[in-house]
2 protein chains.
Amino acid sequence: MVSKQIAMTTIELKEAGLKATLPRLKILEILESSTDAQRHMSAEEVYDLLRGQDDKIGLATIYRVLTQFEAAGLVTRHNFEGGHAVFELNQGEHHDHILCVKCGRVEEFVDETIEQRQQNIAKEHGYTITDHSLTIYGICGECQAGKV
Amino acid sequence: MVSKQIAMTTIELKEAGLKATLPRLKILEILESSTDAQRHMSAEEVYDLLRGQDDKIGLATIYRVLTQFEAAGLVTRHNFEGGHAVFELNQGEHHDHILCVKCGRVEEFVDETIEQRQQNIAKEHGYTITDHSLTIYGICGECQAGKV
DNA sequence: AGGGTAATGAGAATCTTTTGCATTTGCCTA
DNA sequence: TAGGCAAATGCAAAAGATTCTCATTACCCT
Ligand SMILES: [Mn+2]
Ligand SMILES: [Mn+2]
Ligand SMILES: [Zn+2]
Ligand SMILES: [Zn+2]
């Protein structure tokens, strides 16, 4: 089933207009196999996950590929607080984030009311929206409980 | 009236629990005298504005002071796209931003509906909100007109 | 005015991301 | 299926933003 996985990702890359190279396939697999808890990964984290494998991929390539994936619409880049960007595979619908400033947990949500209001606000100001970013920072229930 | 200005900012600093040093006074003045078009400034921009004056202030100090101002609640730091943080003096109420990806223009808005929804979302997820950041990116009316 | 302490300046260091260039690889064609 | 070429990669150097170190200076209090 690994070969099938690779076959599938190969097709995804071709469809995105990208040559199906080994580094790109591996990075895409990492993103696709990530669990909910780590859907949002920095370039360095992707690099570390791939480092163990036989042929490791250079960090520069990780950055290059992730940027290409973003341009191709395969992934989204987020500039949360903390200096480094994080990436996530685009699957399902657009969503925004709420994250815990204590433990770093990231949760996703969709709110039609907010989406709608944003459209109105842009229109009121004469803007054509190209993108938007909404992140709520707070302390999650678990971190509130464990009073460390 | 310059002396009065300085006197006022001195009080502000004292109230914020910060020693009234010359660098801090000058940086605060820069922020207070900024026009709408440049309310949101990077550390480097503040540095450049102060560079001209007789006794210029080191960039490291600008960063230190802006961070202290942030901690004291005097300014807010924004991580818009583009690699570097921008700061703005806290005056009036909380607001969010809509900015033009072509010309860099930044406009502010307040939307009670969105603020309210954010509170609800945080509650639904069991979070205590500490902060939030909403930025709409788009193309302003002027940039849409001038088809460059 | 004098002294103790916190703040500053300058440059080095750090951290993240990008770039240059020689080498390798995927892909298309004969 | 082999050959060749443009695109992609790895590595190291560079760049850009921010922080840190440490010697020197400036506030503030008495
Ligand atoms: Mn997400
Ligand atoms: Mn603002
Ligand atoms: Zn938490
Ligand atoms: Zn514009």
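Note that the coordinates shown come from a computational prediction; the quantities given were computed from them, not determined experimentally.
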Trainee: In Å, rounded to the nearest 0.5 Å, how long is the span from CG of A:Asp111 to CG of A:Leu134?
Mentor: 8.5 Å
Trainee: Under the side-chain contact (heavy atoms from CB on, under 4.5 Å) test, which residues partner A:Lys14, sequence neighbours left out?
Mentor: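 Partners of A:Lys14 under the side-chain contact (heavy atoms from CB on, under 4.5 Å) test: A:Thr10, A:Ala20.
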Trainee: CD of A:Gln68 versus P of D:dA7: gap in Å, rounded?
Mentor: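 A:Gln68 atom CD is separated from D:dA7 atom P by 13 Å.
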Trainee: What integer distance in Å separates B:Arg24:CZ from D:dA26:C1'?
Mentor: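 For the pair B:Arg24 CZ and D:dA26 C1', the rounded distance is 11 Å.
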Trainee: Which two nucleotides bound the region of DNA chain C that has atoms under 4.0 Å from heavy atoms of chain A, read 5' to 3'?
Mentor: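 Nucleotide range with atoms under 4.0 Å of chain A: C:dT16 to C:dC27.
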Trainee: Run the ring pair (Phe, Tyr, Trp, His ring centres under 6.0 Å) test against A:His97 and tell me which residues pass, sequence neighbours left out.
Mentor: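 A:His97 satisfies ring pair (Phe, Tyr, Trp, His ring centres under 6.0 Å) with A:His40, A:His78, A:Phe80, A:His95 only.
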Trainee: Can you check each nucleotide of nucleotides 10-23 of chain D against protein heavy atoms at under 4.0 Å and return B for base, S for sugar-phosphate only, - for none, in 5' to 3' order?
Mentor: BBB----SBBBB--
Trainee: Nearest 0.5 Å please: distance from the CG atom of B:Asp96 over to the OG atom of B:Ser133.
Mentor: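 B:Asp96 CG to B:Ser133 OG: 7.5 Å, rounded to 0.5 Å.
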Trainee: From A:Leu28 CG over to A:Leu74 CG, what is the distance, rounded to the nearest 0.5 angstrom?
Mentor: 6.5 Å
Trainee: Measuring from A:Leu18:CG to A:Leu13:CG, what's the distance to the nearest 0.5 Å?
Mentor: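 Atom-to-atom, A:Leu18:CG and A:Leu13:CG are 6.0 Å apart.
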Trainee: Tell me which pairs pass salt bridge (Lys or Arg N to Asp or Glu O under 4.0 Å) where either residue lies in residues 58-71 of chain B, with sequence neighbours left out.
Mentor: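 Sorted pair list: B:Glu70-B:Arg77.
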Trainee: Measure the angle between the two terminal helix axes of the helix from C:dA1-D:dT30 to C:dA30-D:dT1, five base pairs each, and quote it to 10°.
Mentor: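 End-to-end axis angle for the helix from C:dA1-D:dT30 to C:dA30-D:dT1: 30°, rounded to 10°.
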Trainee: Run the side-chain contact (heavy atoms from CB on, under 4.5 Å) test against B:Ala71 and tell me which residues pass, sequence neighbours left out.
Mentor: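 Checked B:Ala71 against side-chain contact (heavy atoms from CB on, under 4.5 Å); zero matches.
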Trainee: Under the rule for side-chain contact (heavy atoms from CB on, under 4.5 Å), what residues qualify as partners of B:Asp131, not counting sequence neighbours?
Mentor: A:Glu81, A:Tyr137
Trainee: Listing request: all salt bridge (Lys or Arg N to Asp or Glu O under 4.0 Å) pairs with a residue in residues 34-44 of chain B, at least two apart in sequence or in separate chains.
Mentor: B:Arg39-B:Glu88, B:Arg39-B:Glu108
Trainee: Going by side-chain contact (heavy atoms from CB on, under 4.5 Å), name the residues that satisfy it together with B:Glu45, two or more places apart in sequence or in a different chain.
Mentor: B:Met41, B:Ser42
Trainee: Taking ring pair (Phe, Tyr, Trp, His ring centres under 6.0 Å) as the test, write out the residues that go with A:His94, two or more places apart.
Mentor: A:His132
Trainee: Identify, residue by residue, the members of residues 13-20 of chain A with a heavy atom below 4.0 Å from DNA chain D, and return them in order of residue number, or none.
Mentor: A:Lys19
Trainee: So how far is it from A:Leu22 CG to A:Asp55 CG, rounded to the nearest 0.5 Å?
Mentor: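 Answer for the CG-CG pair, A:Leu22 versus A:Asp55, is 6.0 Å.
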